[in-house]
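Letters go in sequence order (proteins before strands), and every chain restarts at 1. All values below come from the heavy atoms of this structure, side chains included, with hydrogens, waters and symmetry mates left out.
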Amino acid sequence: MTTEIAIENIAQYVGQKVTIKGWLYSSTRKGKLLFMRLRDGTGITQGVAFRPEIGDELFETLKRLGQESSLIVTGEVRANDRAPGVPKGYEVNIESAQVLQDTQDYPIGLKEHGVDFLLDHRHLWLRSRRQWAIMRIRATVKRAIIDFLDSHGFLNVDTPIITPSAAEGTSTLFEVDYFDEKAYLAQTGQLYNEANIMAFGKVYCFGPTFRAEKSKTRRHLAEFWMVEPEMAFFDLDDLMAFEEAFVSYIVQTTLEKRRAELEVLERDVSVLENVKPPFPRISYDEAIERLHAIREATEDEELKELLKIEWGDDFGSPHETELTKQFDRPVFVYGYPTAVKAFYMEPWPGRPEICKSVDLLAPEGYGEIIGGSERMSDPDLLVEAIRRHELPMAHYQWYVDLRRYGSVPHSGFGLGLERTVAWICGIDHVRETIAFPRTLTRMRP
RNA sequence: UCCUCAGUAGCUCAAUGGCAGAGCAACCGGCUGUUAACCGGUAGGUUGUUGGUUCGAAUCCAACCUGAGGAGCCA
């Protein structure tokens, strides 16, 4: 009588006979001894086959199995410090095995490969240890996001993906044919969220979003996931306090639940352990001063050139990177110039040239993971802003209505899932944080 | 759209004007503690494409194709 187990729970079965259904990840032969690393989707463990114990026939069969062959093995679990795996330190002494398919010529070896090759084989690449760890962490981050919001009085309300016009009037969007009318894939659900909060108080949408920008960097995807919470009766200070609690919860939950995966990725978790409130808050004005000082101090001529900035300019990626290097946790930058931000942000009282916006920049060069703001609540100012940005007023009539019927101060933000996961995992490209990335040059597999 | 870099065996790379090579993977054999093992052997090539320079081009030149990194824009 054997128990079918998941490898992630193997520690509970030391001394017991178990069955594992999975795939051969790699194997090493040593004469009469055969070490088989087996994966079942929940972890990796080592199967040990000893020729005199299992007989020549089965030993020969197992010895010749190719990488990624599918099989079912049965044997006793024992603890052994030398055994590798996730979790490590356990192995199964193979007594019997059933081969479902002997795979030969699996394309992805255990040695290093180039990005182009790996992306062409993404459907198989997902099976490798690092990718497996990243996707498990992504699922945990997603779960933490939903749990936090659901337990803080938020209602999950889905927003449309097909929209009639650019919500913010800035990005390039994917065009679709909507029954002979031009429509676009949504780049944000925010405007709809603003309608929803007036009905439900606090809401969030969480889904895929689309940008047709021809961006070709480690921080960009054409299709990515964004969670957008929106809150009625929330000002900019409330917003920052909420965001830091939210991000801290996500990071601490991941640390707690995905230690083994972070270890696979060789992530320095001490950096993540710092991610607790309060986060430093600096104004845009102060950020510009800091950047000028950094620029003065650097000897690097190239960096000096990249860091050129004047009040009123938006930050580029080099600016964000240098700025975040000064802190050991995410940093808020608030009060950006109105001119570089979207039309709907509330003006700063007494300083109309800046607005009540706030971005959260992740440390270690990961850049902006959250963009948010207090939204404009005065109907007349909003109409004026829509005109100033030359947006089609007819499309925004309903949005202005929200300020005509019971307008309240309200705020919200969007958090990019892939950038957040990349930062938590400590990996250098967002394309590895989603199962099938869509980039400027890749739509397959 | 612009800038930079790359393309050679299934994979990762070397060969910079003179016989196209190595490691891994594959195949054959050996080993009772492997961890991307190790040891011996076998097989594996239209050097991204087209044109040019040259006695001779993977190497130099031009155009193109493909990919990567970055800028801009953004999460």
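Using a cutoff of 4.0 Å between basic side-chain nitrogens and carboxylate oxygens, A/K202 and A/E230 are not scored as salt-bridged. Salt bridge present: A/K341 and A/D359 bring a charged side-chain N and a carboxylate O closer than 4.0 Å. Between A/R281 and A/E244, at least one side-chain N (NZ, or NE/NH1/NH2) sits under 4.0 Å from a carboxylate O, which counts as a salt bridge. Ionic pairing of A/E368 and A/R419 is not present here: no N-O contact between side-chain nitrogen and carboxylate oxygen is shorter than 4.0 angstrom. Note on A/K32 versus A/E53: no salt bridge recorded, every NZ/NE/NH1/NH2 to OD/OE distance being 4.0 Å or above. Ion pair A/K356/A/D235 not flagged as a salt bridge, since none of the NZ, NE, NH1 or NH2 atoms sits closer than 4.0 Å to an Asp/Glu carboxylate oxygen.
Side-chain proximity of A/R211 to B/A75, B/G67, B/U35: nearest is B/A75. Distances from the side chain of A/E213 to the nucleotides B/A75, B/C73, B/G33 place B/C73 closest. The side chain of A/F117 lies closest to B/U12 when the candidates are B/U12, B/G67, B/G69. The nucleotide whose nearest atom lies closest to any side-chain atom of A/K214 is, among B/U1, B/G69, B/G33, B/U1. Considering only the side chain of A/R82, B/U35 comes nearest among B/A68, B/U35, B/A75.
Side-chain nitrogen and oxygen atoms of A/R37 include none within less than 4.0 Å of the OP1 or OP2 phosphate oxygen of B/A36. Proximity of A/R219 to the phosphate of B/A71: a side-chain N or O atom is located under 4.0 Å from OP1 or OP2. Taking side-chain N and O atoms only, A/S317 has a distance below 4.0 Å to OP1 or OP2 of B/A71.
Sorted by first and then second residue, the pairs that involve residues 84-131 of chain A and meet ring-ring contact (aromatic ring centres under 6.0 Å, His included), not counting sequence neighbours, are A/H113-A/F117, A/F117-A/H121.
Using a 4.5 Å cut-off on side-chain heavy atoms (C-beta onward), A/E286 and A/Y334 make no contact.
Here the P atom of nucleotide B/A75 and the CZ atom of A/F413 are 13 Å apart, to the nearest Å. Whole-Å rounding puts the A/H121 NE2 to B/G67 C1' distance at 15 Å. Following rounding to the nearest Å, A/D120 (CG) and B/G48 (P) show an atom-to-atom distance of 17 Å. The nearest whole Å value for the distance from the CD1 atom in A/I44 to the P atom in B/U34 is 19 Å. Distance, A/D116 CG to B/U12 C1': 13 Å, rounded to whole Å. Taking atom NZ of A/K88 as the reference point, atom P of B/A36 lies 12 Å away to the nearest angstrom.
Contact annotation for A/G316: backbone-only contact, meaning every heavy-atom pair under 4.0 Å involves sugar-phosphate atoms and none involves a base. Within the 4.0 angstrom heavy-atom criterion, base atoms lie near A/L221. When heavy atoms are screened at a 4.0 angstrom cut-off, A/E91 is found touching base atoms of the nucleic acid. Among the atoms of the strands shown, only primed sugar atoms or phosphate atoms (P, OP1, OP2) are found under 4.0 Å from some heavy atom of A/R431.
Looking at A/Q46, its side chain comes within 3.5 Å of the base of B/U34 through a donor and an acceptor atom. Within 3.5 Å, no donor on the side chain of A/T217 pairs with an acceptor on the base of B/G69, nor the reverse. No hydrogens or angles were tested; on distance alone, a donor-acceptor pair under 3.5 Å links the side chain of A/K216 to the base of B/A68. With hydrogens and angles left out, the side chain of A/H113 and the base of B/C11 share no donor-acceptor pair within 3.5 Å. No hydrogens or angles were tested; on distance alone, a donor-acceptor pair under 3.5 Å links the side chain of A/S215 to the base of B/C73.
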### Task
Using a 4.0 Å cut-off on protein heavy atoms (strictly under), produce a 5'-to-3' string for nucleotides 22-30 of chain B with B for base contact, S for backbone-only sugar-phosphate contact, and - for none.
--S--SSS-
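Taking a pair as Watson-Crick or G-U wobble with both distances under 3.5 Å, RNA chain B forms stems of 3 or more consecutive pairs at B:1-7 with B:65-71, B:10-13 with B:21-24, B:26-30 with B:38-42, B:48-52 with B:60-64.
Below 30°, between 30° and 60°, or above 60°: for A/Y284 and A/F315 the angle between ring planes is below 30°, a parallel geometry.
Residue side chain A/F35 fails the stacking definition with respect to B/G33, as its ring centre and the base's six-membered ring centre are not both under 5.5 angstrom apart and under 30 degrees in plane angle.
Residues A/R442 and A/G371 both approach RNA chain B. Their nearest nucleotides, taken by heavy-atom distance, put A/R442 toward the 5′ side. For the pair A/S27 and A/N80, nearest-nucleotide mapping onto RNA chain B gives the more 5' position to A/N80.
Checked by atom type, the side-chain pair A/R82/A/Q46 shows no donor-acceptor distance below 3.5 Å. Between the side chains of A/T19 and A/T74, at least one donor N or O lies within less than 3.5 Å of an accepting N or O.
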